[in-house]
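Taking it in order: structure first as structure tokens, then the write-up.
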Amino acid sequence: MRGAAMVLAVVLAGTSAAAEITGARYADPTGRYDHGALGDGFEFGALVLATTAGRLRLTLPQARVFEDTAPRLADLDGDGAPEVIVVETDMGRGARLSVYGEAGLIAATGYIGRTHRWLAPVGAADLDGDGTVEIAYVETPHLGRILRVVRLEGDRLVPVAEAAGLTNHRYGEPAIEGGIRRCGGRPAIVTADAGWEHVVATELVGGRLVSRRLGPYRGPDSLKTPAGCS
């Protein structure tokens, strides 16, 4: 089942503020939001975190859902412990990218701004080799098709770079395609182009996103391990 995360009601089971997150899953499937971007007719109302001290449950208010395939764990602040990256959607304002820790919400992008507008995460990695982890996602992968890169700085997700004409999801499909690979020895964001004709590798270089075609798109396997990438 798919999963997601965002908070208002918190139920602790032996956790403490010093606990480290070891896993995450979505819970409380719900049909209260009728978008259906991922094709199955339900989203999630809660995020469950496994930590070194026990279990933590984060429950969203009724106007929000986690609209996502699964939570993603990555150490975004360099402290050796992971944070949780999720897609959180407000029914009237669309999706936003959110980062959670064991104490709740850490940071989030702004909501896209209207209902039935979504974003599809790509992944998190040190994309430019400066020792800081970035998060990549595609905003409105079915419409605007804008690749965005942000970085966690304190309690904010700060924009780093963006590029148009790239996508990683088809409306109604249960999976998000592509990801972050190593291509030619460098980390690269692997997506399709806007028309699903080519596999594209995009690198963060000097604060800019630079894209190149890797070959034709011939289905989801094309984005798993393209030629020259691992």
Side-chain angles (χ1 to χ4, degrees), residues 1-11 21 24-49 55-74 76 83-124 135-150 152 155-159 162 164 166-178 191 194:
M1 292 175 66
R2 296 189 288 109
M6 173 103 193
V7 187
L8 243 286
V10 179
V11 179
I21 295 169
R25 63 178 176 84
Y26 295 123
D28 295 354
T30 175
R32 65 184 184 237
Y33 184 55
D34 63 353
H35 187 198
L38 289 157
D40 51 18
F42 66 89
E43 310 306 335
F44 293 89
L47 175 68
V48 178
L49 304 180
R55 185 171 61 94
L56 174 67
R57 185 183 190 89
L58 306 174
T59 301
L60 290 177
Q62 286 295 306
R64 299 180 194 171
V65 294
F66 293 113
E67 190 178 12
D68 197 5
T69 57
R72 297 151 190 82
L73 271 61
L76 301 176
E83 287 72 45
V84 182
I85 304 166
V86 301
V87 181
E88 175 188 352
T89 296
D90 180 274
M91 294 184 189
R93 294 179 289 175
R96 71 179 183 180
L97 189 79
S98 298
V99 175
Y100 282 87
E102 67 281 354
L105 181 67
I106 297 172
T109 64
Y111 291 106
I112 293 172
R114 58 184 295 186
T115 189
H116 296 170
R117 295 297 182 265
W118 185 63
L119 63 86
V122 179
I135 309 170
Y137 65 96
V138 178
E139 182 176 291
T140 56
H142 321 125
L143 297 169
R145 302 178 180 91
I146 301 172
L147 175 64
R148 297 191 185 277
V149 175
V150 296
L152 180 66
D155 61 355
R156 299 168 55 226
L157 287 175
V158 177
E162 65 179 69
L166 300 167
T167 189
N168 60 345
H169 185 261
R170 295 179 188 266
Y171 183 83
E173 290 295 320
I176 297 170
E177 297 187 34
T191 66

Candidate pair E43 and R64, rule side-chain contact (heavy atoms from CB on, under 4.5 Å), full reasoning: CA-CA 10 Å; E43 310 306 335; R64 299 180 194 171; over 6 Å; no

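Counting heavy atoms from C-beta on, the side chains of L105 and S98 come closer than 4.5 Å. Taking 4.5 Å as the limit, every side-chain heavy atom of H116 sits out of range of all side-chain heavy atoms of H142. L76 is not listed as a side-chain neighbour of I106, based on a closest heavy-atom distance of 4.5 Å or more. Between I135 and L152 the shortest side-chain heavy-atom distance does not fall below 4.5 Å. Counting heavy atoms from C-beta on, the side chains of L143 and R117 come closer than 4.5 Å. Side-chain contact between V150 and Y137: present, with at least one pair of heavy atoms (C-beta onward) separated by less than 4.5 Å.
Annotation: salt bridge (charged side-chain N to carboxylate O under 4.0 Å, His left out) contacts of E173 (sequence neighbours excluded): none. For T191, the side chain to side chain donor-acceptor pair (under 3.5 Å) test picks out no residue, with sequence neighbours left out.
The aromatic rings of H35 and Y171 sit tilted relative to each other, their planes meeting at an angle between 30° and 60°. Ring geometry, H169 versus W118: the interplanar angle exceeds 60°, so the pair is classed perpendicular (tilted spans 30 to 60°).
Without hydrogens or angle criteria, T167 side chain to P141 main chain gives a donor-acceptor distance under 3.5 Å. Between the side chain of D40 and the backbone N or O of P174, no donor-acceptor pair lies under 3.5 Å. Side-chain atoms of R57 never come within 3.5 Å of backbone atoms of A46 as a donor-acceptor pair (strictly under, hydrogens ignored).
Taking each heavy atom of L119 and E139 in turn, the nearest pair found is CB-CA, 4.0 Å. A pairwise comparison of heavy atoms in M91 and V65 identifies CE-CG1, 4.4 Å as the closest pair. Residues I176 and R72 share a closest heavy-atom pair of CD1-NH2, 3.8 Å. Closest non-hydrogen pair, V149 versus A136, comes out as CG2-CB, 4.3 Å. Nearest approach of L49 to E102, heavy atoms of both residues: CD1-CA, 4.3 Å. Smallest separation of non-hydrogen atoms from E67 and Y33: OE1-CE2, 3.5 Å.
The CD1 atom of I112 sits 7.5 Å away from atom OG1 of T89, with the distance rounded to the nearest 0.5 Å. Atom CG of residue L58 and atom CG of residue D28 lie 11.0 Å apart, to the nearest 0.5 angstrom. Interatomic distance, R96 CZ to D90 CG, rounded to the nearest 0.5 Å: 8.5 Å.
Within a 6.0 Å sphere centred on CZ of R156, other residues, nucleotides and ligands contribute 12 heavy atoms or fewer.
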